[in-house]
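Letters A, B, ... mirror the listed sequences (proteins, then strands); counts begin at 1.
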Number of protein chains: 2
Amino acid sequence: MARTEGQNEQIREVRKEKIRLEALRQFSMKGLCATRIQDIAAGVGMSQGLLYHYYSSKEAIYIDMIDDALEKTNQAVIAIRDMNASANEKILFSLQKLFQTIEQNDRFRQTCRLIAQATNSAELPEDVQDSILQKRKIPYRIMAEIFLQGQKEGSVVSGDADELATLYWTSINGLSIYYATLKEIDSIPDYKLLAAMFLKDIHFKRDSL
Amino acid sequence: MARTEGQNEQIREVRKEKIRLEALRQFSMKGLCATRIQDIAAGVGMSQGLLYHYYSSKEAIYIDMIDDALEKTNQAVIAIRDMNASANEKILFSLQKLFQTIEQNDRFRQTCRLIAQATNSAELPEDVQDSILQKRKIPYRIMAEIFLQGQKEGSVVSGDADELATLYWTSINGLSIYYATLKEIDSIPDYKLLAAMFLKDIHFKRDSL
DNA sequence: GTCTATATCCAGATAGAC
DNA sequence: GTCTATCTGGATATAGAC
């Protein structure tokens, strides 16, 4: 009995999701160049030729992963900004969430690692690289807005808001890359330590808790 | 007139240093796999074949760069630890130096980027990767010692010293990677902001300056 | 020490049968 | 949709002449 159109569609979707999962895993570890299309196929459990029925090239898979990762990051940070809360709360909440996700979510760590690699490695065509860099700027810009809000409210330390945002994201980045390389995560620092870079009275609060 | 042995030796040394410089530049941008031996040769201004009279393989160049980078990092942090000073001073001094070097020294940024890539990308044979990870642990261990000293002296916040060291290096790492990817560096945050994660009264000091 | 030419290998991508 | 077999290009590494 022949398969219906709908069943084929379903097979495609399931397969494609498996490819994405495996591609993220491997790309995040080895980067674009050192990851072989054959390894991804083997990881998924399909032949190497079949992969080309889902993606037109290795690069296409990679770009798909990157776009997805950046898009999700941007959505998340926009949601934080639009919270009805003080900057102080937004900063603490975002850091708490980020630390928690770094600690618990393997896929999130892989995503961070992938973004870091894509941003810091120039193995893509220039136009693609540029487009990545543009999207990458959004979280920095939005965090700067939040820090500005905090400075007006008096909770955030003085200084250039863009620089504070840089410090925020580069620290998160360094941390998530670090934990992405560990086999097992035993402990992760207190997110309030990072908050101490930005919030005036955080150490006071820490000690009084 | 034939060249003497000494002159040949000298040519070799000059050439080798040029190769190292160019290899660091390119590896730090594109990683091991995406960097072609031919590009390095072209960057140095020599034929591709000649490179093999200086190094036995592409990987050999890479490993040489990594070892050198890790060695220098370890020496630097050991020198900080052995300073005759309070932990408070050691932490502030090291951060000040690091920020200054990130801002001013192109080669240093490349080195950081290379270490980050080598640590976070699994494109090397496992035994080499392991040896890198071992050497990489030393700065973390030593910073933890300094934080312990600081906790005894009362200047450093409470908490697991290993976690503080992790936060210290991952933040530095994230920052240097970020600046390594920029064409031009206009401004870099105040190093005292980072110090606020570790030192109890840093915000007080900042405001009073 | 330096170059050009070449051997060798391997991975990305395609073709065609089932 | 899936597989095996194959084409093709490109990069590492070597050989041999100057």
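Using a 30° and 60° split on the angle between ring planes, B/Phe147 and B/Tyr168 fall in the perpendicular class, above 60°.
Using a 4.0 Å heavy-atom distance criterion, A/Leu50 is classed as a base contact. Heavy atoms of A/Tyr54 sit under 4.0 angstrom from primed sugar atoms or phosphate atoms, though from no base atom.
The outermost nucleotides of DNA chain C lying under 4.0 Å from heavy atoms of chain B, listed 5' to 3', are C/dG1 to C/dT4.
Near DNA chain C, meaning a heavy atom under 4.0 Å from it, residues 12-22 of chain B has B/Arg12, B/Arg15 in order of number.
Per the geometry, CD belonging to B/Glu123 stands 13 Å off P belonging to D/dT12, to the nearest Å. Atom-to-atom, CG of B/Leu51 to C1' of D/dA11 comes out at 14 Å; the value is rounded to the nearest Å. Between the NZ atom of A/Lys58 and the C1' atom of D/dG9 there is a distance of 14 Å, given to the nearest Å. The interatomic distance linking B/Asp39 (CG) with D/dG10 (P) rounds to 13 Å, in whole Å.
Residues B/Gln151 and B/Gly159 approach most closely at NE2-O, 2.8 Å, considering heavy atoms.
Taking the ring centre of A/Tyr52 as origin, the terminal cationic atom of A/Lys58 falls outside the region bounded by 6.0 Å and 45° from the ring axis. With a 6.0 Å cutoff to the six-membered ring centre and a 45° limit on the axis angle, B/Arg12 counts as a cation-pi contact of B/Tyr54.
Under the 3.5 Å distance criterion, the side-chain polar atoms of A/Ser131 are left unmatched by any main-chain donor or acceptor of A/Asp127. In this structure, the side chain of B/Asn105 engages the main chain of B/Phe108 through a donor-acceptor pair within 3.5 Å. A distance-only check finds no donor-acceptor pair linking the side chain of B/Arg109 to the backbone of B/Ser176 [under 3.5 Å]. Of the possible polar contacts, none joining the B/Glu59 side chain to the B/Leu32 backbone as a donor-acceptor pair under 3.5 Å is found.
Nearest-nucleotide mapping onto DNA chain C: of A/Leu32 and A/His53, the residue sitting toward the 5' end is A/Leu32.
A side chain to side chain donor-acceptor pair (under 3.5 Å) with B/Glu22 is found for one member of B/Gln26, B/Arg20, B/Lys18 and no other, namely B/Gln26.
Counting atom types as modelled, B/Gln48 pairs no side-chain N or O with a base atom of D/dA11 as donor and acceptor under 3.5 Å.
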